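What you see is a predicted model; the values in this text were computed from it and never measured.
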Amino acid sequence: LKSGLYLDVKQMLATASEKGGAALMQKGALPSVELSAGSEINGYKGLWFVNYQVKGGPSLQVTFDGSTGKFEKAIPN
């Protein structure tokens, strides 16, 4: 990544929880955290993903900028 890597996973988990993850955790979902390195097309911008999945039920993906940790969006499914 061009501008470094954001590493405060605890903060991203707290934000993801506020964006809907806490409700899914009450239903049995556990968060998983992944980092995806970006391509040259998007300026090598990486993305952090915090994913929640209730077995046989709803899911949520919360994305963060890989370099700054800034919240980008919450995508329910």
Side-chain angles (χ1 to χ4, degrees):
L1 297 172
K2 280 188 172 181
S3 59
L5 182 61
Y6 185 79
L7 297 175
D8 191 350
V9 174
K10 185 176 179 180
Q11 180 59 48
M12 288 186 289
L13 286 169
T15 300
S17 180
E18 294 170 2
K19 301 296 182 182
L24 294 181
M25 287 177 60
Q26 290 178 346
K27 295 178 181 181
L30 295 175
S32 64
V33 180
E34 300 174 34
L35 173 67
S36 175
S39 67
E40 186 175 0
I41 293 170
N42 67 4
Y44 295 105
K45 177 183 173 185
L47 288 173
W48 281 105
F49 298 92
V50 179
N51 297 299
Y52 298 87
Q53 174 67 57
V54 175
K55 189 173 183 175
S59 65
L60 174 69
Q61 182 175 75
V62 185
T63 61
F64 299 86
D65 182 283
S67 296
T68 66
K70 180 182 176 193
F71 166 76
E72 292 199 345
K73 57 186 166 182
I75 307 163
N77 189 10

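Note that CG of Asp65 is 10.0 Å distant from CE of Met12, once rounded to the nearest 0.5 Å. Distance check, rounded to the nearest 0.5 Å: NZ of Lys73 to CD1 of Ile75 gives 4.5 Å. Taken to the nearest 0.5 Å, the CG atom of Leu24 stands 11.0 Å off from the CG atom of Leu30. One finds the CG atom of Asp8 at 9.0 Å from the CG atom of Leu13 (value rounded to the nearest 0.5 Å).
The two residues Ala29 and Tyr52 have their closest heavy-atom pair at CB-CB, 4.2 Å. Listed here is the closest heavy atom pair of Phe71 and Phe64: CA-CD2, 3.5 Å. Nearest heavy-atom pair, Leu60 versus Ala16, reported as atom, atom and distance to 0.1 Å: CD2-O, 4.5 Å. Of all heavy-atom pairs spanning Tyr6 and Trp48, the tightest one is O-NE1, 3.0 Å. Between Asn51 and Glu34, the closest heavy-atom pair is ND2-OE2, 3.4 Å.
Partners of Glu72 according to the salt bridge (Lys or Arg N to Asp or Glu O under 4.0 Å) rule, which considers only residues two or more places apart in sequence or in another chain, are Lys45. Every residue two or more places apart in sequence or in another chain that forms a side chain to side chain donor-acceptor pair (under 3.5 Å) with Gln11 is listed here: Thr15.
Under a 3.5 Å cut-off, the side chain of Ser36 and the backbone N or O of Leu47 do not form any donor-acceptor pair.
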